[in-house]
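What follows is a single structure, written as structure tokens, with notes after it.
Heavy-atom basis, side chains included; hydrogens, waters and symmetry copies ignored.
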Amino acid sequence: MKYNRCGKSGLLLPEISLGLWHNFGSVDNFENAESIAVEAFDKGITHFDLANNYGPVPGSAETNFGKILWHNFQGNLRDEIIIATKAGYTMWDGPYGDWGSRKYLLSSLDQSLKRMKVDYVDIFYSHRPDPETPIEETMMALDYTVRSGKALYVGISNYSAEQTRVAVDVLKQLGTPCLIHQAKYSMLERWVENGLLDVLEEKGVGCIAFSPLAQGLLTDKYLKGIPENSRAHNPNGHLKENEVTQERIQKLIQLNDIAQNRNQSLAQMALAWLQKDKRITSVLIGASSVRQLNNNIECLQNLEFSQDELNAIEKILG
């Protein structure tokens, strides 16, 4: 595992980080989740990414991760891992359990620390911008989490390029630099290329890509349509059936051909493709099993692309 400097900070993050958005909630098998986390650490993944509402039920991923920490990462091992969490989406009912107010962010972080049974997190994010709360208030709340010792660094997620520029400047004025931006980025979701990555490079802020496999689309699972046990077939899933169009399947088939010629799976190539841009500090993967985790980590065995391969991929993606 290689470790990349996060922007202009002193913090190094692994090329691959583990997200606990799925498969770590109260409805999931705890022993499987624990095995995934331990295997990830053994393979050099030191960065574990959560949010207050990850589950289901909301909060249960943090509770389970707290148990995993207690069972496996006691003592100095806490100093060997990076724990990130976020607040910004709906967590509890009423006027104070959503968005970006100081009240919500600070209350949520206190709850997260209790669930995980830790004194601090390494990174605390504003999970999304709040159109009704001044960005200065949200950033002041992030600044306070560092000054109070409840977080070592702060970041933002899902902010546009323009919002990011403002947020980073406010944090700099407060004296707490913005460490990182977590953005949705994949071969099929490339909005970050239209200004955001340029702002992050200019400001010295790291970037971690989430949903790098487009909720599983960029795997061999959908090459023949929508299988019964897929996320797209699940009415509660984040990937909708209408997103798996015949046109998109044809693109996936062509991309898969390139991956096969590289001796990679489509998923491995999609993860490697993101890391060609040096502004990407880390790529955030999920895993439903130790086997899937290790398959994804194997993308690191071939990160180089020829110009012909890149041109062919661009042609397919249109």
Assess whether atom [atom1] of [X] is packed by more than 12 heavy atoms of other residues, nucleotides or ligands within 6.0 Å.
{"X": "Phe30", "atom1": "CZ", "answer": "yes"}
{"X": "Lys103", "atom1": "NZ", "answer": "no"}
{"X": "Gln260", "atom1": "CD", "answer": "yes"}
{"X": "Asp42", "atom1": "CG", "answer": "yes"}
{"X": "Glu247", "atom1": "CD", "answer": "no"}

Ignoring hydrogens and angles, state whether a donor on the side chain of [X] or [Y] is under 3.5 Å from an acceptor on the partner side chain.
{"X": "Ser126", "Y": "Tyr159", "value": "yes"}
{"X": "Asn76", "Y": "Glu80", "value": "no"}
{"X": "Asn23", "Y": "Tyr54", "value": "no"}
{"X": "Ser186", "Y": "Glu189", "value": "no"}
{"X": "Gln268", "Y": "Asn295", "value": "no"}

TODO: Evaluate ring pair (Phe, Tyr, Trp, His ring centres under 6.0 Å) for Phe48 paired with Phe65, printing each intermediate quantity in order.
DONE: CA-CA 9 Å; Phe48 298 89; Phe65 188 64; 5.4 Å; yes

Task: Nearest atoms (heavy-atom pairs only) where Asp98 meets Gly88 - done: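 Looking at all heavy atoms of both residues, the closest pair is OD1-O, 3.2 Å.
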
Open item on the list: Please give me the minimum heavy-atom distance between Cys6 and Ser9, naming the atom from each residue.
Closed with: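 Smallest heavy-atom distance, with atoms named: O-OG, 2.7 Å.
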
Task: Sole residue of Ile297, Leu50, Asn296, Leu293 in side-chain contact (heavy atoms from CB on, under 4.5 Å) with Leu18 - done: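 Output: one option passes, namely Leu293.
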
Can you tell me how far [atom2] of [Y] sits from [atom1] of [X], rounded to the nearest 0.5 angstrom?
{"X": "Asn158", "Y": "Lys184", "atom1": "CG", "atom2": "NZ", "answer": "8.5 Å"}
{"X": "Arg78", "Y": "Phe73", "atom1": "CZ", "atom2": "CZ", "answer": "10.5 Å"}
{"X": "Arg115", "Y": "Ser108", "atom1": "CZ", "atom2": "OG", "answer": "6.5 Å"}
{"X": "Glu304", "Y": "Glu309", "atom1": "CD", "atom2": "CD", "answer": "10.0 Å"}

Determine, for [X] against [Y], whether the closest basic-nitrogen to carboxylate-oxygen distance falls under 4.0 angstrom.
{"X": "Asp143", "Y": "Lys172", "result": "no"}
{"X": "Lys86", "Y": "Asp49", "result": "yes"}
{"X": "Arg165", "Y": "Glu202", "result": "yes"}
{"X": "Glu193", "Y": "Arg190", "result": "yes"}

Which pairs would a plain distance check flag for residues 131-142, meaning a side-chain donor or acceptor within less than 3.5 Å of a matching protein atom at least two apart in sequence or in another chain?
from   : atom 1 : to     : atom 2 : distance (Å)
Thr133 : OG1    : Asp130 : OD2    : 2.6
Glu137 : OE2    : Arg102 : N      : 3.0
Thr138 : OG1    : Gly100 : O      : 2.7

